[in-house]
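Any value given below was found using the heavy atoms of this structure, including those in side chains, with hydrogens, waters and symmetry copies removed. Just so it is clear, the model here is predicted, and its values are computed rather than measured. Naming: A, B, ... by sequence-line order, numbering from 1 per chain.
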Amino acid sequence: MRIAVQSQPFELGAETEAFASAASGAGAIVTFTGIVRDTNQRLAAMDIEHYPGMTEKALTSIATEAQARWSLSDVLVIHRHGRLVPGEMIMMVATAAPHRADAFAAAEYLMDYLKSRAPFWKKEIGADGAEWVAAKDSDEAALQRW
Amino acid sequence: MRIAVQSQPFELGAETEAFASAASGAGAIVTFTGIVRDTNQRLAAMDIEHYPGMTEKALTSIATEAQARWSLSDVLVIHRHGRLVPGEMIMMVATAAPHRADAFAAAEYLMDYLKSRAPFWKKEIGADGAEWVAAKDSDEAALQRW
Amino acid sequence: MITVLYFAWVRERIGLPRETLQSSATTVAELVAELVAREERYALAFADLAALRVALDQELSSFDAPLAGVREVAFFPPMTGG
Amino acid sequence: MITVLYFAWVRERIGLPRETLQSSATTVAELVAELVAREERYALAFADLAALRVALDQELSSFDAPLAGVREVAFFPPMTGG
């Protein structure tokens, strides 16, 4: 398992390749990558605040729970903080498992919990001011399927 | 959309990076990669036979259906045929979407249909002979959730 | 003339990947009956139709489908890609 | 002495990211009441507890949780990572 919380960019291709190569015995690899999206051409930047210390603990706890629930050979979580611009990658998770159902379920679980239980807060910096992104009811509701 | 049916290996990292970079406007990228797994240390190789012509048509049709069902900015499917050894990557799919639920659902849909509706057949070459992989009831059953 | 293709263990049992033949069959099932009547290896390959799939002109189809206008028929076991 | 951390708009409303204070509060709710009584900016930040989350020593907790033994309390809005 590797959990990385960092301000610098990560290389999606290199991370994915390294993760897959190291996951010996796995038959299935799933990755998820989140990208800063400019929904209305007015987003200048996205500031991501986090809670140093708790962030790593929360991500480790979520990944550990995923490993307890599904048969996984490995888990990777990378999440950036600081200022990002549209098109930049915010975060990625990767799961390796003997079978595809486990790899998919664990990746979706990681994302659902990471969204609502890891201490990150997004602020959108736009042309007409800055605004904290509101948590969505649908994200909280997504936890109930697990 | 890109559909590739090929005997040569593909570079997971480079394909993933290129797919994500090209998917402008997407907020979520999901990839799935299938790897030849040697479950009991007795698998020497995996032969993958396919139906040239129909394979490309079937994969295109599955990807087109996924694009009709979910809001996707792009879809990639790469599937190898010929002889592979344990640890080699068999195939990958990638989906790009504005939101993560669509990217995940479409990737799982692509995998479920690709497994049971694209004309590929696997033969395991082992120390004590060769055997065609039997289709699993669970793979056919997986289609019923869509 | 119709082209018939065989894949995976169907190909191995029949001993060839494709053949072109003249048939008066009007459905897939009739074509199968003609083939089965030809030689033991065909009978062996088509012994359990539930274990087989058929594609007509590269589209999955069924054994009771008509053959009118069809140029390519393929027989194979359930797919195991991915 | 207890360390109190504020994040996101809670931090902005209160105007500082952290402070260390002496408190006789035995629960999170009591600590919030002490803070709210101090200054308007605290009252503003804690106006709607349903819109807030609390972590005790870096574990998510609840407003009725006891503070005995806790060294670090953090207040913040619902998380929006991913």
Q) At a heavy-atom separation under 4.5 Å, does Ala55(D) approach chain A through its side chain, its backbone, both, or neither? A) side chain

Q: Kindly check if the number of other-residue, nucleotide or ligand heavy atoms within 6.0 Å of CD (Glu88(A)) is above 12?
A: yes

Q) Roughly how far, to the nearest 0.5 Å, is CG of Leu5(D) from CE of Met54(A)? A) 10.5 Å

Q: State, with a plain yes or no, whether a side-chain heavy atom of Met79(D) is found less than 4.5 Å away from one of Pro119(A).
A: yes

Q: Answer yes or no: does atom CZ of Arg41(D) have more than 12 heavy-atom neighbours from other residues, nucleotides or ligands under 6.0 Å?
A: yes

Q: Give, as side chain, backbone, both or neither, the part of Ile90(A) having an atom under 4.5 angstrom from any heavy atom of chain D.
A: side chain

Q. Is the CD atom of Gln67(A) crowded by more than 12 outside heavy atoms at less than 6.0 Å?
A. yes

Q: Would you mind telling me which of Arg117(A), Met91(A), Glu49(A) has the largest number of heavy-atom pairs within less than 4.5 Å of chain D?
A: Glu49(A)

(Q) Can you tell me if Arg42(A) has over 12 outside heavy atoms packed within less than 6.0 Å of its CZ? (A) no

Q | Proximal component of His50(A), with respect to chain D [non-hydrogen, under 4.5 Å] | A | backbone

Q: Using a 4.5 Å cut-off on heavy atoms from C-beta on, say whether the side chain of Phe120(A) contacts that of Thr80(D).
A: no

**Q.** Segment of Lys122(A) engaging chain D (4.5 angstrom heavy-atom cut-off)
**A.** both

Q | Heavy-atom proximity to chain D below 4.5 Å, by part of Lys115(A) | A | both

Q) Are there more than 12 heavy atoms of other residues, nucleotides or ligands under 6.0 Å from atom CD of Glu11(A)? A) no

Q.
Determine whether a donor-acceptor pair (N or O, by modelled atom type, separation under 3.5 Å) exists between the side chain of His79(A) and the backbone of Gly82(D).
A. yes

Q.
Any heavy-atom pair between the side chains of Thr55(A) and Gln58(D) that's under 4.5 Å?
A. no

Q: Measure distances from Ala134(A) to the heavy atoms of chain D and classify the residue's part below 4.5 Å as side chain, backbone, both or neither.
A: backbone

Q: Could you look at Arg80(A) and say if it's the side chain, the backbone, both or neither that has a heavy atom under 4.5 Å from chain D?
A: neither

Q.
At under 4.5 Å between heavy atoms, what parts of residues 9-29 of chain D are in contact with chain A? List them by residue number.
A. Trp9(D), Arg11(D), Glu12(D)

(Q) Please verify the inter-ring angle class for Trp121(A) with Phe76(D); under 30° counts as parallel, over 60° as perpendicular, anything in between as tilted. (A) tilted

